[in-house]
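Below is one structure, written out as structure tokens, with a few remarks after it.
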Amino acid sequence: MLKIYNTMTREKEVFNPLEEGIVKIYTCGQTVYDDVHIGNAKTYSSWDVIIRYLRYKGYKVLHVQNFTDVGHLTDDADQGEDKIEKRARERKINPWELVDNQIEEYWHVIDDLNINRPNISPRATSLIPEMIDIIKILLEKGYAYEVESNVYYDVSKFKDYTKLSKLKLDEESAKARVDQDPLKKSPFDFALWLNAKKGDQMHIMRWNSPWGEGYPGWHLECSVMSMKYLGETIDIHCGGIDHIPTHHPNEIAQAEAATGKKFVRTWMHAEFITLNGKKMSKSLGNYVTARELIDQHGGLVVRMGLVPGHYRSAVDWNPDVIANAKKNVERIQNSLSLIKDSPGGTKTNLNQAIEEVQKSFEEAMDDDFNTPKAFATIHDFIKQINSSLDNKKDILNKAREVLVELLGVLGLDFTKKKGIDDAKIDGLMELIISLRDKSRKEKNYELSDEIREKLRSTGIQIEDTEDGPRWKMS
Ligand code: AMP
Ligand code: ZN
């Protein structure tokens with residue numbers, strides 16, 4: 001029986017999807033103006049583990065995760081600048097180019113970390129007509145108001161606006177903010193549509209609407225993308241804990257006011273990665289990118305650094321995290337090699353350990369995806385394997401299969417040889433080719449031919465082209 005902690009009720013609840021056997025899940029995605037930092041990656045990796053486990057349990061999972069490519073402002077009070085337009089201006093490029101580049105880079109990171117891609121990854125800008133339709137409904141129903149070509153959501157109209165955040169809306173202290181939007185009736189109201197013209201600046205990413213040229217608000221985007229691809233009520237909606245006070249309450253207010261139905265059945269929120277105790281964040285500038293860590297240590301080690309922590313526990317990023325991850329990867333690789341190299345014996349006691357590890361792994365994961373416990377059971381299993389190499393070879397092979405499968409549920413792919421990913425292979429090939437080049441320049445043809453032949457015997461061909469040597473698998 002799977003139990004999930006629902007932020008809405010602040011309790012662990014037995015999970016049953018609305019439609020038998022199918023789980024519809026929406027995860028709030030990246031605002032694509034900067035690189036994925038290791039905090040973002042931890043959150044995406046947590047959702048990936050959860051989805052993998054649901055699939056392991058036999059559910060069909062439909063997962064949607066958006067790209068926010070417009071409308072996320074630098075200031076939560078709708079007074080700031082669009083993060084994407086600001087960064088594009090700083091880099092002196094078109095915002096659309098920035099978005100394209102960031103999304104491409106995002107996928108490289110996600111793939112290197114072995115995070116499964118969602119079934120659907122919509123860009124917010126692909127659903128502008130649908131967003132305009134929802135705003136029209138909210139205006140008709142009296143939940144929204146227009147001022148100077150901006151449209152705002154009137155929070156006072158939505159009963160139970162704070163049901164997720166459990167916060168008391170303190171109007172006085174909110175009003176004390178210097179950078180308040182003077183067009184709003186209340187500081188808690190939020191923008192559904194923003195006028196493209198602000199002062200003498202024109203927003204580059206803009207669309208026609210009944211309220212003039214403009215662009216949608218960030219909160220509206222998620223409600224619309226979730227409803228478009230998953231339906232008006234979904235099973236699970238995920239995000240970081242930073243979304244509990246505002247972003248998710250706003251999503252609920254928009255969706256439920258528009259449809260009159262419950263928007264989300266289970267809310268899940270991931271804790272932060274911190275750096276020296278402070279939230280790692282792009283806007284604060286205190287972050288480590290996932291890319292630099294992957295290039296330095298490989299995707300498997302970085303992913304290993306993210307997996308053993310629980311999604312509701314904060315992690316302070318420090319050198320020990322990677323050092324421990326390396327040790328864990330080596331321990332597992334060592335055990336897999338021991339199994340491979342063992343001729344096997346006559347014992348059969350490992351059979352029981354195989355049954356037990358599956359049971360305790362599932363027990364741990366059924367308890368709100370308790371990955372630290374699940375990981376500990378895998379460790380115990382490895383110890384048992386290492387001291388049971390005299391078991392029959394088919395039992396050892398079965399143990400290997402189960403070990404690899406359970407690690408796979410945690411997003412750790414040990415089927416790749418020694419965890420070497422494509423980026424590392426490219427790097428190694430560059431090194432080998434440059435050594436061959438050097439030996440040729442030094443007229444050491446014996447060595448350069450030997451390198452070429454050795455590579456050929458492993459199925460790699462070097463071709464000398466006008467642009468220099470290239471390699472390919474033959
Ligand atoms: P953003 O950085 O706003 O594009 O956020 C993308 C996702 O990463 C959201 O679900 C955030 O809640 C999450 N996130 C942002 N910063 C952190 C952090 N330091 N640790 C964990 N998750 C984070
Ligand atoms: Zn969202």
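Counting convention: from 1, in listed order, for ligands and their atoms alike.
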Checklist entry - Within the structure, does Thr31 bring an N/O atom to less than 3.5 angstrom of an N/O atom in ligand 1? => result yes

Item to check | Heavy atom of the protein closest to atom 5 (O) of ligand 1 (residue, atom name, distance) | outcome: Asn40 ND2, 3.6 Å

Item to check | Option of least heavy-atom distance to atom 20 (N) of ligand 1 (set: Val32, Thr27, Ile273) | outcome: Ile273

Checklist entry - Are Asp413 and Arg303 within salt-bridge range, i.e. N to O under 4.0 Å? => result no

Checklist outcome for this item: Closest to atom 22 (N) of ligand 1 among protein heavy atoms sits Thr43 OG1, 2.6 Å

Checklist entry - In terms of heavy-atom contacts, does NZ of Lys261 have more than 12 from other residues, nucleotides or ligands at under 6.0 Å? => result no

Checklist entry - When only distance counts, is Gly39 in polar contact with ligand 1, meaning an N/O pair under 3.5 Å? => result yes

Checklist entry - Between Asp242 and ligand 1, is there a nitrogen or oxygen pair with a distance under 3.5 Å? => result yes

Item to check | salt_bridge(Glu356, Lys359) N-O dist < 4.0 Å | outcome: no

Checklist entry - Under 3.5 Å, N or O to N or O, is Gly239 touching ligand 1 that way? => result no

Next on the checklist: To check your reading of the model: name the closest protein heavy atom to atom 7 (C) of ligand 1, its residue, and the distance in Å.
Outcome noted: Tyr44 OH, 3.5 Å

Checklist entry - Where is the nearest protein heavy atom to atom 3 (O) of ligand 1: which residue, which atom, and how far? => result His72 CE1, 4.2 Å

Checklist entry - Do any of the N/O/S atoms of His247, backbone or side chain, fall under 2.8 Å from the Zn ion (ligand 2)? => result yes

Checklist entry - Does the separation of the ring centres of Phe188 and Tyr161 fall below 6.0 angstrom? => result no

Next on the checklist: So if I count the atoms of ligand 1 from 1 in the order they appear, which ones are less than 4.0 Å from some heavy atom of Gly240?
Outcome noted: 10 (O), 12 (O)

Checklist entry - Do His72 and Tyr33 have ring centres separated by under 6.0 Å? => result no

Checklist entry - Counting heavy atoms not belonging to Lys86, are there more than 12 under 6.0 Å from its NZ? => result no

Item to check | No-hydrogen, no-angle side-chain donor-acceptor test under 3.5 Å, Asp242 and His247 | outcome: no

Next on the checklist: So for His243, does at least one of its heavy atoms come nearer than 4.0 angstrom to any atom of ligand 1?
Outcome noted: yes

Item to check | Atoms in ligand 1 with a heavy atom of Glu271 nearer than 4.0 Å | outcome: 21 (C)

Next on the checklist: Are any of the N/O atoms on Met280, whether in the backbone or the side chain, positioned under 3.5 angstrom from an N/O atom of ligand 1?
Outcome noted: yes

Next on the checklist: Looking at Arg10 and Thr7, would you say the former's side chain and the latter's main chain have a donor-acceptor pair under 3.5 Å?
Outcome noted: yes

Checklist entry - What protein heavy atom is closest to atom 16 (N) of ligand 1, reported as residue, atom name and distance in Å? => result Lys279 CE, 3.4 Å

Next on the checklist: Please report the interatomic distance CG(Asp368) to NZ(Lys373), rounded to the nearest 0.5 Å.
Outcome noted: 12.0 Å

Item to check | Ionic contact status for Glu85 with Lys198, cut-off 4.0 Å | outcome: no

Checklist outcome for this item: Here the atoms of ligand 1 under 4.0 Å from any heavy atom belonging to Cys28 are 10 (O)

Next on the checklist: Looking at ligand 1, would Tyr287 count as a contact under a 4.0 Å heavy-atom criterion?
Outcome noted: no

Checklist entry - Any side-chain heavy atom of Ile322 within less than 4.5 Å of one from Val301? => result yes

Checklist entry - Any chance NZ of Lys141 has more than 12 other-residue heavy atoms, nucleotides or ligands included, within less than 6.0 Å? => result yes

Next on the checklist: Need the ligand 1 atom indices (1-based, order shown) with element for anything under 4.0 Å from a heavy-atom of Gln30.
Outcome noted: 4 (O), 6 (C)

Checklist entry - Vertex the Zn ion (ligand 2): angle to SG of Cys222 and SG of Cys28, to 10°? => result 130°

Checklist outcome for this item: Looking only at protein heavy atoms, what sits closest to atom 18 (C) of ligand 1 is Phe272 CD2, 3.5 Å

